[in-house]
2 protein chains.
Amino acid sequence: MTNATDGFAALADDTRRDIFERLAKRPLSVGELAEKLPVSRPAVSQHLKILKAAGLVVDHAEGTRRVYRVDPRGVEAMRGYLDRFWDRALAAFKEAVEEEKDS
Amino acid sequence: MTNATDGFAALADDTRRDIFERLAKRPLSVGELAEKLPVSRPAVSQHLKILKAAGLVVDHAEGTRRVYRVDPRGVEAMRGYLDRFWDRALAAFKEAVEEEKDS
DNA sequence: ACTTACGGTAAGTCATGACTAACGCAACGG
DNA sequence: CCGTTGCGTTAGTCATGACTTACCGTAAGT
């Protein structure tokens, strides 16, 4: 878990990205999310399960409700993955552009 | 294109992430990629089409071959998306942890 | 021109996954 | 207690997408 690669699959779905962005604004319960979204409550529950497995959200009980919030550590893991490629890709890209100018 | 959200779907697939990581090391042709991967050449071609649409790679002709390389701008776009949530999520997360200690 | 190398496209198959309805379970409130 | 609220899970359906085979276009080499 908190394996950056799972995060991509988690955020690939539109509904899940919607949920993620709403939780980024403020913590919400499953029911509160389902109200705003065009899908059923069980669907939201399943999406949250996937986001949680990817390390992007955490939940805690609050009476009978379960409140979810974004876990910045999961976001950081994905940033770290992209960073590993960014430096190298940027250097190689600029170099290629320079050679292109020699036409 | 270069829309960060398409990048998540693009990197969600294992084969596509494999292609992306190989291209990050050095530019490669379609055939060179297909040699190393456990899928057919047309499959690689289709994956590259998706990565290109997501703004993560660019291609250029080289004789009859087409050489693909990583486009750092696409990577940067995804980083930017994650950054928008990271600050806010981190602050909210720390605050919640502090309240948790009051138990 | 003919052939060969290289790659994108089309059509069809099969697995994955997003969704709903129905059910089960725990935590309060009367 | 007993009903209600709030979630998670299961089973089943339907759409999406990853893959292969076959085919077509294009750019050299002879």
Side-chain angles (χ1 to χ4, degrees), chain A residues 1 3 5-23 26-71 96 100 103, chain B residues 1 3 5-23 26-71 96 100 103:
Chain A
M1 52 198 76
N3 191 353
T5 59
D6 292 335
F8 292 119
L11 294 182
D13 183 73
D14 291 331
T15 302
R16 229 143 42 209
R17 211 168 39 243
D18 194 343
I19 292 175
F20 177 74
E21 294 180 6
R22 288 175 187 275
L23 292 180
R26 68 178 183 285
L28 292 169
S29 69
V30 179
E32 288 170 336
L33 282 168
E35 280 181 13
K36 303 291 185 178
L37 295 168
V39 295
S40 68
R41 187 190 51 70
V44 173
S45 207
Q46 292 164 1
H47 283 308
L48 287 169
K49 184 178 182 179
I50 294 174
L51 286 169
K52 184 179 176 182
L56 289 173
V57 302
V58 290
D59 64 325
H60 77 280
E62 208 165 280
T64 74
R65 314 190 340 167
R66 294 200 76 81
V67 178
Y68 285 79
R69 73 177 66 248
V70 168
D71 187 344
E100 195 73 9
S103 59
Chain B
M1 52 200 73
N3 191 351
T5 59
D6 292 336
F8 292 119
L11 294 182
D13 183 74
D14 290 331
T15 302
R16 230 141 42 207
R17 212 168 39 243
D18 194 342
I19 292 174
F20 177 75
E21 294 180 6
R22 288 175 187 275
L23 291 181
R26 69 176 182 285
L28 291 169
S29 69
V30 179
E32 288 170 337
L33 282 168
E35 280 180 12
K36 303 291 184 178
L37 295 168
V39 296
S40 68
R41 187 190 50 71
V44 173
S45 205
Q46 293 164 1
H47 284 308
L48 287 169
K49 184 178 183 178
I50 295 175
L51 287 169
K52 184 179 177 182
L56 290 173
V57 302
V58 290
D59 63 325
H60 78 280
E62 208 166 278
T64 74
R65 314 193 334 166
R66 294 200 76 82
V67 178
Y68 285 79
R69 73 177 68 247
V70 168
D71 187 345
E100 194 74 7
S103 61

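In what follows, every chain begins at residue 1, and chains take the letters A, B, ... in the order their sequences are listed. Below, each value reflects all heavy atoms present in this structure, side chains not excepted, and no hydrogens, waters or symmetry copies.
Straight-line distance from the CD atom of A/Glu32 to the C1' atom of D/dG6: 11 Å, rounded to whole Å. Rounding to whole angstrom units, NE2 of residue A/His60 and C1' of D/dC7 are separated by 15 Å. Distance A/Asp14 CG to C/dG17 C1': 14 Å, rounded to the nearest Å. To the nearest angstrom, C1' of C/dG17 lies 10 Å from NE2 of A/His47. Between B/Leu37 atom CG and D/dA18 atom P the separation is 14 Å, expressed in whole Å. Following rounding to the nearest Å, B/Leu48 (CG) and D/dA18 (C1') show an atom-to-atom distance of 14 Å. For the pair B/Leu33 CG and D/dC19 C1', the interatomic distance rounds to 17 Å; values are reported in whole Å. B/Arg16 places its CZ atom 8 Å from the P atom of D/dC19, with the value rounded to the nearest Å.
Note that CZ of B/Arg22 and CG of B/Leu28 are 8.5 Å apart. Values are rounded to the nearest 0.5 Å. Here the CG atom belonging to B/Leu33 is positioned 5.0 Å from the CG atom belonging to B/Leu23, to the nearest 0.5 angstrom.
Residue A/Lys49 places none of its side-chain N or O atoms closer than 4.0 Å to OP1 or OP2 of D/dC7. Taking side-chain N and O atoms only, B/Tyr68 has no distance below 4.0 Å to OP1 or OP2 of C/dC6. Between D/dT20 and B/Ser40, a contact under 4.0 Å exists linking OP1 or OP2 to a side-chain N or O. Of the side-chain N and O atoms in A/Ser29, none sit less than 4.0 angstrom from OP1 or OP2 of D/dG6. Between A/Arg65 and the phosphate of C/dC28, there is no side-chain N or O to OP1/OP2 separation shorter than 4.0 Å.
The listed nucleotides are D/dT20, D/dC7, D/dT9; the one nearest the side chain of A/Arg66 is D/dC7. Nearest to the side chain of B/Gln46, among D/dT9, C/dA10, C/dC19, sits C/dA10. For B/Val30, the side-chain atoms get nearest to C/dG8 when compared with the rest of D/dC7, C/dT20, C/dG8. The side chain of B/Ser45 has C/dT9 as its nearest neighbour among D/dT9, C/dT9, D/dA18. Picking from C/dG7, C/dA18, D/dG8 the nucleotide with the shortest atom distance to the side chain of A/Asp13 gives C/dA18.
Each of A/Arg41 and A/Thr64 was assigned the nucleotide of DNA chain C with the nearest heavy atom; the assignment lying further toward the 5' end belongs to A/Arg41. In terms of position on DNA chain C, the residue among A/Ala43 and A/Gly63 whose nearest nucleotide sits closer to the 5' end is A/Ala43.
The closest side-chain heavy-atom distance from B/Leu11 to B/Arg16 is not below 4.5 Å. Residues B/Leu48 and B/Asp59 form no side-chain contact, since every pair of their non-hydrogen atoms from C-beta on lies 4.5 Å or further apart.
Among B/Arg26, B/Arg41, B/Arg66, B/Arg65, the single residue meeting the salt bridge (Lys or Arg N to Asp or Glu O under 4.0 Å) criterion with B/Glu32 is B/Arg65.
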